[in-house]
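These values consider heavy atoms only, across backbone and side chains, with no hydrogens, waters or symmetry-generated copies.
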Amino acid sequence: MTLCDYCHSAPATVHITQIAHHKTIVSHLCETCAREQGVVVEVGRDGIVPEVQVQADAQAGPAEKEKDRECGFCHLTLSEFKAQGRLGCPQCYKEFDREIEALLVKVHGSAVHRGKGHVAAGDAGTAGDLTRLQRELSEAVAREEFELAAQLRDGIDRLKEDSHGGAESTEKIKNK
Amino acid sequence: MPPWLSGEGPDADVVVSSRVRLARNLAQHRFPGRASMFERAEVFQEVSAAFRETPQCSSFNPVSFSKLDKNEQRFLVEERLAGAGLENAEGERGIILDETRRVSVMVNGEDHLKLQILDAGLRPQELWGVVDAIDDAVGMRLTYAFDGRSGFLTCRPADAGTGLRASFLVHLPGLTLARSVDTVLRGAAQMGVSARGFLGEHSPVAGDLYALSNASAMGSTENAILDNTATVARHIAGVERKARQRLLEEAHLRLIDRIQRAWGVLCHARLLGVNEFLALASDLRLGIECNLFDKCTRSELNRLTLFMLPGHLRAYYKKTMDDEECRAARADLVRAFFKRKKTGKRTHENG
């Protein structure tokens, strides 16, 4: 049985759903505390107290604290990142991508990398060619030579299909 | 002595040195500030092994920075082979140096790796060529944290993208005396080039020395960032030369007086603080560039300046000293240096 959120002693028989700032907050009150909070409760003929739905205005009602997001790998929270300006691990870039993108646009005017690429260790056979092609692709995009860039992109895709089938470099031309 | 002190290279009359730095992290590890001691040690081993296996880096020497005492750490920071970020970080940190002391790799500062090359004069493309090749070669043995949209991922998002910081140390006494430095640096900021003191991110400006570097690492290619920063530095060097020329034409005697007074204080002072030395040395350096002072060369003055910094001073005298003892020791070293120059005796390698 749920106890009253206010007095924590009487059973909660009035359930209030508040909607404020696009968030839904449900409170459970006993009859006495509900009256004291100014909630008008009409008991139905069968004695059952109905759920009261209260549409709060922008200023009214306690707002529940926004759930702090956390990186699954290093457990850095969004509020920690906002306080110190530093991330905890590479996975944070995925977890907090909206906030980081906004920050990058604010600081750099751009959130898109146009420089050299990187081929992970293990892709040794095509590593040199891939790095060179990725660099040439970035430079062609920067010079707005899109026909050349498309050819380079195709070359990179072919090389990647031979190794592991990724196509991350095509993001660069798609983002232009 | 690291090569950046040589006083040589293009535009060396204004540009003391050039530095190109790349920030990199390993994909499967937490950044150093969030990693355990064990994880940091793992990263250092992985990075050291990658350098050992890379043919052009096999002679590089990895050293545990965290095992050095505070003064030895300061010594490397003063030589600009380590950054203040490495000094201030905690836990297992390393530094990998090449035998020429042009290239240094900082491990487990704010990021897993900061790959840096530093040399005298204005030479961005040459330095970029070296560090880019090392980055590619070592990067084939490591899996960097990278994604196609955000580029190389760094602890601070502001450094992400290319992870590149190109900086040029410039000496601007002419513009300072003409009271135009702030205007010029504001113009540089509008071109995406920021200015700070020469001993790092939070150091104050001293000795009319400014480190000019790219404000942004994202949104352009590495070559574009380098070219832009170097072009601004070159332009500022030109403006500084014009300011010096105007001083020579319009205030010749006042300039000579200023230089001679600085030399007089340095030859006779019994107590000398770092900032006071830097201010006086700036006048001597201006004198050298304007051919009004010939008691020492540019490179000798650079080396003497290094030994004025606390870590080098304590290493030279081989003892710990409090603030007043440092100021006295500094003054003694400077007087001895200029006395040797006066009598024509050869200066020692260590100034």
Side-chain angles (χ1 to χ4, degrees), chain A residues 71 73-76 80-81 84-94 96-97 99-124 127-128 130-132 134-143 166-172 174-175, chain B residues 22 24-36 39 46 49-50 53 85 110-112 128 132-133 135-164 192 214-226:
Chain A
C71 171
F73 186 58
C74 70
H75 307 295
L76 180 83
E80 281 176 308
F81 167 48
Q84 65 199 12
R86 290 189 200 96
L87 295 165
C89 74
Q91 295 301 322
C92 292
Y93 277 80
K94 287 198 172 68
F96 307 127
D97 68 338
E99 288 81 7
I100 291 171
E101 175 153 346
L103 176 66
L104 290 174
V105 169
K106 194 173 157 189
V107 169
H108 300 296
S110 167
V112 178
H113 172 60
R114 297 200 190 284
K116 66 192 256 189
H118 170 63
V119 176
D123 294 340
L130 259 171
T131 308
R132 181 182 51 79
Q134 280 165 342
R135 188 196 317 239
E136 287 174 17
L137 172 63
S138 306
E139 285 169 357
V141 169
R143 291 192 306 267
E168 66 180 356
S169 65
T170 56
E171 273 200 309
K172 286 181 196 146
K174 281 177 189 165
N175 288 327
Chain B
L22 286 175
R24 298 286 185 257
N25 285 281
L26 304 188
Q28 302 304 323
H29 290 278
R30 292 167 188 75
F31 297 143
R34 202 97 183 150
S36 64
E39 193 169 10
E46 217 174 302
E53 289 159 17
E110 213 167 56
D111 294 291
H112 291 140
W128 168 242
D132 184 30
D135 181 46
D136 283 346
V138 171
M140 286 173 63
R141 291 163 177 81
L142 293 170
T143 303
Y144 288 147
F146 175 89
D147 81 53
R149 187 167 169 80
S150 306
F152 292 94
L153 308 180
T154 51
C155 176
R156 288 185 203 252
D159 294 333
T162 58
L164 171 67
N214 55 298
S216 170
M218 169 82 81
S220 297
T221 62
E222 286 85 356
N223 278 313
I225 291 172
L226 266 163

[X] portion near chain B, given a 4.5 angstrom heavy-atom threshold:
X: A/Gln91; answer: neither
X: A/Glu99; answer: neither
X: A/Phe73; answer: both

Given that the side chain runs from C-beta out, which part of [X] has a heavy atom under 4.5 Å from chain A: side chain, backbone, both or neither?
X: B/Ser220; answer: backbone
X: B/Leu164; answer: neither
X: B/His112; answer: neither
X: B/Asp132; answer: both

Quick one: [atom1] on [X] to [atom2] on [Y], what's the gap to the nearest 0.5 Å?
X: B/Arg34; Y: A/His75; atom1: CZ; atom2: NE2; result: 8.5 Å
X: B/Asp159; Y: A/His108; atom1: CG; atom2: NE2; result: 7.5 Å
X: A/Cys92; Y: B/Phe31; atom1: SG; atom2: CZ; result: 7.0 Å
X: B/Leu153; Y: A/Leu87; atom1: CG; atom2: CG; result: 9.0 Å

- line: Counting heavy-atom pairs under 4.5 Å with chain B, the top scorer among A/Asp97, A/Leu103, A/Leu76 is A/Leu76

- prompt: Looking at A/Pro90, A/Ala111, A/Ser110, A/Gly109, which one has more heavy-atom pairs under 4.5 Å with chain B than the rest?
  reply: A/Pro90

statement: Greatest number of non-hydrogen atom pairs under 4.5 angstrom with chain A, of B/Ala145, B/Ala215, B/Gly161, B/Cys155, falls to B/Cys155

field: Top of B/Gly163, B/Ser150, B/Gly192, B/Ala224 for chain A proximity - count of heavy-atom pairs under 4.5 angstrom
entry: B/Ser150

Taking all heavy atoms of [X] and all of [Y], pick out the closest pair and write down the distance.
X: B/Phe152; Y: A/His118; answer: CE2-CB, 3.7 Å
X: B/Pro157; Y: A/Tyr93; answer: CA-OH, 3.5 Å
X: B/Thr162; Y: A/Gly115; answer: CG2-CA, 4.2 Å

field: Verdict with reasoning, B/Asp147 to A/Lys94, per salt bridge (Lys or Arg N to Asp or Glu O under 4.0 Å)
entry: CA-CA 10 Å; B/Asp147 81 53; A/Lys94 287 198 172 68; 5.8 Å; no

query: Should we count CD of B/Gln28 as having more than 12 external heavy atoms under 6.0 Å?
result: no

message: Between B/Met218 and A/Arg114, is the side-chain contact (heavy atoms from CB on, under 4.5 Å) condition met? List the steps.
response: CA-CA 7 Å; B/Met218 169 82 81; A/Arg114 297 200 190 284; over 6 Å; no

query: Can we say A/Lys116 and B/Asp135 salt-bridge, meaning some charged N sits less than 4.0 Å from an Asp/Glu carboxylate O?
result: yes

query: Taking NZ, NE, NH1 and NH2 as the nitrogens, is one of them in A/Arg86 or B/Glu110 under 4.0 Å from a carboxylate oxygen of the other?
result: yes

